[in-house]
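The figures that follow rest on heavy atoms only: side chains count, while hydrogens, waters and symmetry mates do not. Numbered from 1 within each chain, the chains take letters A, B, ... in sequence-line order.
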Amino acid sequence: MKSKNYILEMFPYPSGNIHMGHVRNYVIGDICARYHKLKGDDVIHPMGWDAFGLPAENAAIQFKTHPKDWTLENIKNMKSQLKKLNLDLDWDRELATCNSDYYRYQQELFIDLYNAGLAYKKDALVNWDPIDQTVLANEQVIDGKGWRTGAEVEKKNLSQWFFKITHYAEELLSGLEKLDLWPEKVKTMQKNWIGRSVGAEIKFKIAGKDNFLNIFTTRPDTIYGATFIAVSINHKIVRDCLGDSEIKKIKNEFDQISDEKEKLGFSLKLNCIHPILDKEIPIYVANFVLDTYGEGAIFGCPAHDERDYDFAKKYSLPIIKVIECNDDELPYIGNGKVINSPMLNGFEKDEAIDKITNYFKKTGIGSEKVNYKIRDWGVSRQRYWGCPIPVIYYEDGSYRVLDKSELPVFLPYDVKLEGKGNALLKNDEWRNIICSKTKKPAFRETDTLDTFVDSSWYYIRFLNNKLEKPFEPNNVNNFLPVDKYIGGIEHAILHLLYSRFFMKALRDIYKLKVDEPFKQLFTQGMITHKTYKTQKNEWVMPKDVYLENGNLYKLKTKEIVLEGPSEKMSKSKKNVIEPDEILKEYGIDATRIFMISDSPPDRELEWTEEGIQSSKNLTHRIVKYFSQEQSQIDQSTKKKVEKFIHDIEMNILNFSLNKCVADIYTLFNFLERKKIYLYNHDLSKKILTCLFPIMPNLSISLNKSIFNANDFDTWPIVDLELLKENEIRLPVQIQGKLVTTIDTLKGYKENEILKEIYKLDKIKNKIVNKKIVKVINVQDKIINIITS
RNA sequence: GCGCCAGUGGCGGAAUGGUAGACGCGCUGGUCUUAGGAACCAGUGGGCAACCGUGGGGGUUCGAGUCCCUCCUGGCGCACCA
């Protein structure tokens with residue numbers, strides 16, 4: 001029976017042109033796919049388009065076109081470019097997320113998630129990107145800036161749709177351990193993002209009132225050292241104590257701090273009662289308390305927390321040591337015996353935490369708590385070019401999630417895309433409807449879904465892109481997970497975490513047997529290229545630079561040019577290489593070879609003229625080799641070919657594609673040096689079959705011209721007998737240092753070979769007048785002689 | 001600051017604890033050619049040599065690029081996460 005093998009490269013955003021990064025990505029996948037097909041696997045290798053998203057809207061405004069027209073035109077263009085690469089893709093599985101035959105099923109999934117309690121709407125303080133004019137998920141804010149625009153993100157209170165990714169926080173974390181074919185780096189990043197920490201939640205009663213403040217801490221053992229409470233500016237207690245104008249004023253003060261670490265706080269003129277000591281401690285609103293973590297409130301233990309210490313010093317708050325240490329070590333974060341804490345004195349940290357947490361539980365003061373940094377995924381986007389959310393609102397503000405029978409909600413074509421704001425909001429004709437159930441006037445949700453929702457399940461839809469439901473559960477069980485998923489590391493958290501969440505949610509809703517979407521993840525490195533600048537700091541294209549008398553100059557203007565580091569190709573740095581031009585000049589196979597030859601696929605590849613040229617030369621060399629008439633073939637040639645088959649197979653399986661290229665050179669170096677020509681010998685067939693995944697076009701044409709065959713059969717089975725090497729060159733060491741080697745046969749007798757070894761001059765000279773203490777013979781590997 | 005990864009010739013990079021530098025680029029010399037981004041041959045870690053060499057210093061081992069400790073450097077990620 002054929003075994004399935006789902007090989008997938010991250011589908012592209014149809015920006016209009018493929019770039020070298022795409023080429024490298026797809027070549028890696030294509031080599032895998034072609035290899036596994038030759039092995040007889042049932043290979044799935046689809047391609048599609050991540051077609052919703054903002055660039056289309058921006059382009060529409062800029063070029064007075066329509067996002068749909070722009071996108072479809074780009075897809076057409078990019079598809080023809082991909083065709084030129086002649087990749088072995090299942091084009092009949094093609095899909096584009098902007099087509100209603102894709103997004104209508106996404107609307108079904110939205111309804112499923114809603115019914116399962118995994119999609120919900122709430123008022124929330126969200127990240128607002130002022131340039132893209134939309135909300136962003138936490139994952140899409142990097143250093144306080146929008147991931148696409150780089151604009152400073154603002155906080156806005158809006159009613160938004162969320163997916164409950166936190167429901168799976170624990171499983172998303174623990175599941176990482178089973179992903180043994182994922183890069184450690186990606187797993188670490190996800191782990192940090194999920195941010196699990198174990199501690200306690202403690203209730204602090206507010207003095208003179210009936211309510212409590214909930215506080216999460218990982219150090220309940222330091223509770224006796226708590227001398228103040230601090231809350232974030234967005235905590236609801238702040239609104240209870242202060243008026244809008246006061247809050248605004250404080251926010252302003254916080255914003256004005258230039259040193260990020262500087263602590264600033266204002267007393268709420270309110271106290272909390274210490275849950276054990278029965279004393280009152282003040283509540284502050286402080287700039288360093290995160291409102292998105294825990295409950296947005298902390299207890300300050302200045303003696304054993306750096307931040308609390310800074311704050312306490314600034315506002316002259318008491319500092320009480322509760323962990324044994326010297327005064328000059330404060331704030332002391334390390335381990336030690338608990339002191340000044342009647343219930344805990346003398347205990348070490350872990351014991352003390354257990355003990356005090358138990359006490360909290362018993363008395364109802366608090367409880368054990370596992371806290372996660374990850375927040376629910378905000379999926380509403382105030383943009384036109386995305387999947388409509390299947391929800392309607394009534395005049396009284398209530399809403400209804402549509403039934404599946406009411407789908408699809410088509411995205412209207414006739415919209416005015418001028419300037420800023422969501423075009424759907426202005427489209428009354430589309431927006432205003434009569435509810436088919438209540439017959440009441442209603443209006444549609446005008447937010448669309450984050451495009452990361454589109455890419456969270458496309459690999460499932462690829463299994464059957466024409467099905468009149470999202471997917472067929474049996475199909476999913478049989479063909480998922482994706483066996484090899486290849487793409488850039490920039491999606492380490494965003495896309496890959498969302499997809500894992502989706503898989504788990506759909507598993508639970510549809511009773512699927514698949515826990516994880518991607519069994520193996522391979523992250524390919526980016527392509528870099530030399531950069532050049534004039535002395536006026538203008539970037540110069542590498543091809544416009546020439547060398548004269550040891551200096552670099554720019555063509556035409558003859559300005560002096562300085563060479564910069566090799567950097568990721570980008571239009572702004574003018575160091576981009578266009579795939580179309582390269583394919584035209586060097587051909588597909590040479591391009592493919594270069595994409596894998598100079599560095600391991602998961603590392604950076606530096607684009608060089610020499611690199612692409614020598615790849616081209618290799619193809620010429622192979623063609624030339626196979627044009628020679630057949631010669632005598634010896635046993636060593638047969639062995640060499642077997643080794644070649646074996647090595648190249650191992651290297652494809654391990655993604656060590658750079659070593660595949662080395663294997664090819666090694667083979668042809670051997671054959672040419674010995675002037676052994678195989679022409680139409682059976683071995684040629686084997687070699688061409690092994691070359692096929694890497695240089696398919698050349699292999700096909702040689703197969704045709706030499707064997708008059710149109711196809712390759714299966715990947716050759718390695719003859720392990722032939723791989724066994726009988727004659728070996730045995731290294732001989734003295735005191736663990738290599739002295740010489742001796743040619744012998746495998747399976748030699750230790751005492752016999754030693755006799756031979758002792759006759760060797762190099763050995764004799766070294767052991768003369770010395771006593772041989774010991775001989776270590778690692779059979780067929782090495783001999784090490786230890787002398788006194 | 002914390003975490004992860006990595007440091008090997010002029011360069012990109014190879015090496016299940018067992019001959020360090022496979023393979024490629026570049027370079028040197030040569031052959032052929034009207035010509036060369038062509039092809040072919042020879043060479044290419046350092047040192048005249050004994051020997052020395054995988055960022056530095058320790059350690060484990062008969063034996064370390066590989067394992068352990070420590071420091072340094074670089075890259076990436078996270079970063080007031082209580």
Side-chain angles (χ1 to χ4, degrees), chain A residues 142-143 183-197 199-200 215-220 222 226 230 232 260-263 286-301 304-308 310-311 333 371-374 489-490 492-493 566 585-586 593-594 597-600 602-606 608-618 620-621 624 647 651 656 658-669 672-673 728-742 773-787:
Chain A
I142 294 148
D143 286 338
E184 263 335 292
K185 190 177 174 174
V186 175
K187 289 194 279 185
T188 309
M189 283 166 75
Q190 292 208 354
K191 204 171 159 183
N192 290 341
W193 185 262
I194 295 164
R196 181 183 198 265
S197 40
I215 284 173
F216 173 76
T217 179
T218 53
R219 294 295 304 273
T222 63
S232 112
E260 274 188 13
K261 297 267 176 197
E262 194 186 327
K263 307 287 179 285
N287 66 335
F288 67 96
V289 182
L290 301 168
D291 56 68
T292 53
Y293 187 76
E295 302 284 335
I298 60 144
F299 75 70
C301 177
H304 307 292
D305 184 285
E306 214 172 314
R307 300 151 297 182
D308 300 348
D310 292 346
F311 193 77
I333 320 295
N371 193 60
Y372 298 93
K373 197 179 98 176
I374 191 171
I489 197 158
E490 64 271 22
I493 291 173
S566 200
E585 196 172 346
Y586 297 94
I593 293 164
F594 181 50
S597 62
D598 274 13
S599 45
D602 55 348
R603 279 199 228 167
E604 273 182 9
L605 172 72
E606 185 177 2
T608 60
E609 199 59 35
E610 293 86 351
I612 182 72
Q613 184 58 49
S614 62
S615 299
K616 179 77 184 168
N617 293 346
L618 177 61
H620 282 158
R621 185 173 158 193
K624 197 175 148 197
D647 289 352
N651 286 328
S656 301
N658 54 323
K659 287 193 259 168
C660 288
V661 180
D663 294 335
I664 295 169
Y665 277 108
T666 306
L667 176 71
F668 286 97
N669 285 349
E672 285 174 344
R673 261 165 219 163
I728 51 167
R729 178 155 293 175
L730 188 71
V732 182
Q733 297 179 331
I734 293 178
Q735 317 289 62
K737 278 176 150 185
L738 179 78
V739 176
T740 186
T741 61
I742 183 166
V773 180
K774 196 161 131 190
V775 172
I776 290 148
N777 172 40
V778 183
Q779 186 64 40
D780 300 339
K781 283 269 185 195
I782 203 162
I783 284 191
N784 188 8
I785 299 164
I786 312 300
T787 61

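For A:Ser197 against A:Thr218, the heavy-atom pair with the smallest separation is CB-CG2, 3.9 Å. Of all the heavy atoms in A:Gly294 and A:Phe216, the pair that sits closest is CA-CB, 4.4 Å. For A:Asp291 against A:Ser232, the heavy-atom pair with the smallest separation is CB-OG, 2.9 Å.
Remark: the A:Asp663 side chain and the A:Asn651 side chain contain an N/O donor-acceptor pair separated by less than 3.5 Å. With hydrogens and angles left out, the side-chain atoms of A:Ser597 and A:Tyr665 include no donor and acceptor closer than 3.5 Å. No donor-acceptor contact under 3.5 angstrom links the side chains of A:Gln190 and A:Asn192, judged on distance only.
In this structure, the CZ atom of A:Phe311 is 19 Å from the P atom of B:rA82, given to the nearest Å. Across the protein-nucleic acid pair, A:Asn192 atom CG and B:rA79 atom P stand 9 Å apart, rounded to whole Å. Residue A:Lys187 contributes atom NZ, which lies 19 Å from atom P of B:rC78 at whole-angstrom precision. The distance from atom CZ of A:Phe216 to atom C1' of B:rA82 is 8 Å, rounded to the nearest whole Å. Here B:rC80 presents its C1' atom at 12 Å from OH of A:Tyr293, a figure rounded to the nearest Å. In this entry the distance linking CD1 of A:Ile782 with P of B:rU66 reads 16 Å, nearest Å. Across the protein-nucleic acid pair, A:Leu618 atom CG and B:rG37 atom C1' stand 16 Å apart, rounded to whole Å. The distance between atom CD of A:Glu604 and atom P of B:rA6, rounded to the nearest whole Å, is 15 Å.
Annotation: B:rU61 and B:rG56 have their P atoms spaced 23 Å apart (nearest Å). Here, B:rG53 and B:rG65 have their C1' atoms 11 Å apart, quoted to the whole Å. With both ends at atom C1', the span from B:rC62 to B:rC4 equals 35 Å, rounded to whole Å. B:rA20 and B:rG13 have their C1' atoms separated by 13 Å, given to the nearest Å. Spacing of C1' atoms, B:rC41 relative to B:rC32, comes out at 11 Å, to the nearest Å. Rounded to a whole angstrom, the distance from the C1' atom of B:rU16 to that of B:rA64 is 15 Å. A distance of about 12 Å separates the C1' atoms of B:rG21 and B:rU44, rounded to the whole Å. Comparing B:rG37 with B:rA15, their P atoms sit 35 Å apart, to the nearest whole Å.
Here A:Glu585 lies in heavy-atom contact (under 4.0 Å) with a base. No contact: A:Val775 has no heavy atom under 4.0 Å from any strand. At the heavy-atom level, A:Tyr586 lies under 4.0 Å from base atoms of the strands shown. Using a 4.0 Å heavy-atom criterion, one finds that A:Arg603 contacts the sugar-phosphate atoms exclusively. When heavy atoms are screened at a 4.0 angstrom cut-off, A:Thr292 is found touching no nucleic acid atom at all. In this structure, A:Lys616 reaches neither bases nor backbone, as no heavy-atom distance under 4.0 Å exists between it and the strands shown. Among the atoms of the strands shown, only primed sugar atoms or phosphate atoms (P, OP1, OP2) are found under 4.0 Å from some heavy atom of A:Thr218.
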Please list, for nucleotides 74-76 of chain B, all pairs of protein and nucleotide N/O atoms separated by less than 3.5 Å.
| unit_1 | atom_1 | unit_2 | atom_2 | d |
| --- | --- | --- | --- | --- |
| B:rC76 | O2' | A:Lys185 | NZ | 2.9 |

I'd like a table of atom pairs between the protein and nucleotides 57-62 of chain B - only N or O on both sides, under 3.5 Å - with the distance next to each one.
| unit_1 | atom_1 | unit_2 | atom_2 | d |
| --- | --- | --- | --- | --- |
| B:rC62 | O2' | A:Asn784 | ND2 | 3.2 |
| B:rC62 | O2 | A:Asn784 | ND2 | 2.5 |

Could you go over nucleotides 22-27 of chain B and give all protein N or O partners under 3.5 Å, atom names and distances?
| unit_1 | atom_1 | unit_2 | atom_2 | d |
| --- | --- | --- | --- | --- |
| B:rG24 | OP1 | A:Asn669 | ND2 | 3.1 |

Kindly give the atom pairs (protein nitrogen or oxygen, nucleotide nitrogen or oxygen) under 3.5 Å for nucleotides 44-51 of chain B.
| unit_1 | atom_1 | unit_2 | atom_2 | d |
| --- | --- | --- | --- | --- |
| B:rC51 | OP1 | A:Lys766 | NZ | 2.6 |

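Contact of A:Lys781 with B:rU19 (side chain to base): no donor-acceptor pair of N or O atoms is detected under 3.5 Å.
Annotation: the span from A:Phe288 atom CZ to A:Asp310 atom CG amounts to 8.5 Å, rounded to 0.5 Å. The CG atom of A:Asn784 sits 12.0 Å away from the NZ atom of A:Lys737 when rounded to the nearest 0.5 Å. We find the NZ-OH distance between A:Lys373 and A:Tyr293 to be 9.0 Å, quoted to the nearest 0.5 Å. Taking CG from A:Asp602 and OG from A:Ser656, the interatomic distance works out to 8.5 Å, rounded to the nearest 0.5 Å. Note that OG of A:Ser614 is 10.5 Å distant from CD of A:Glu609, once rounded to the nearest 0.5 Å. Interatomic distance, CD1 of A:Ile298 versus CG of A:Asp305, reported as 7.0 Å (0.5 Å rounding).
Salt-bridge annotation for A:Glu585 and A:Lys616: absent, with no side-chain N of the basic residue lying under 4.0 Å from a carboxylate O of the acidic one.
Applying the salt bridge (charged side-chain N to carboxylate O under 4.0 Å, His left out) definition to pairs two or more places apart or across chains, those involving residues 184-193 of chain A are A:Glu184-A:Lys187.
Nucleotide B:rG9 is shown with a syn base, its glycosidic torsion being within 90° of 0.
A donor-acceptor pair under 3.5 Å is absent between the side-chain atoms of A:Glu606 and the main chain of A:Ser566, judged by distance alone.
More than 12 heavy atoms of other residues, nucleotides or ligands sit less than 6.0 Å from atom CD of A:Glu295.
Each of A:Lys373 and A:Asn651 has a nearest nucleotide on RNA chain B; the 5'-most of these lies closest to A:Asn651.
The side chain of A:Thr217 lies closest to B:rA82, out of B:rG37, B:rG13, B:rA82. Residue A:Leu290 has its side chain nearest to B:rA82 when only B:rG37, B:rA82, B:rA79 are considered. Of the candidates B:rG13, B:rU19, B:rC4, the closest approach to any side-chain atom of A:Pro600 belongs to B:rG13.
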> So what's the dot-bracket for RNA chain B: Watson-Crick or G-U pairs under 3.5 Å, [ ] if a pair crosses, | if it pairs off-strand?
Replying inline: (((((((..(((.....[....)))((((((.......))))))((....))..(((((..]....))))))))))))....
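None of A:Leu730, A:Ile783, A:Ile728 except one satisfies the side chain to side chain contact (heavy atoms under 4.5 Å, CB included) rule with A:Ile742; the exception is A:Leu730. Exactly one residue among A:Ile786, A:Ile782, A:Thr740 makes a side chain to side chain contact (heavy atoms under 4.5 Å, CB included) with A:Gln733. That residue is A:Ile782.
By the 6.0 Å and 45° rule, A:Lys263 does not stack over the aromatic ring of A:Phe311.
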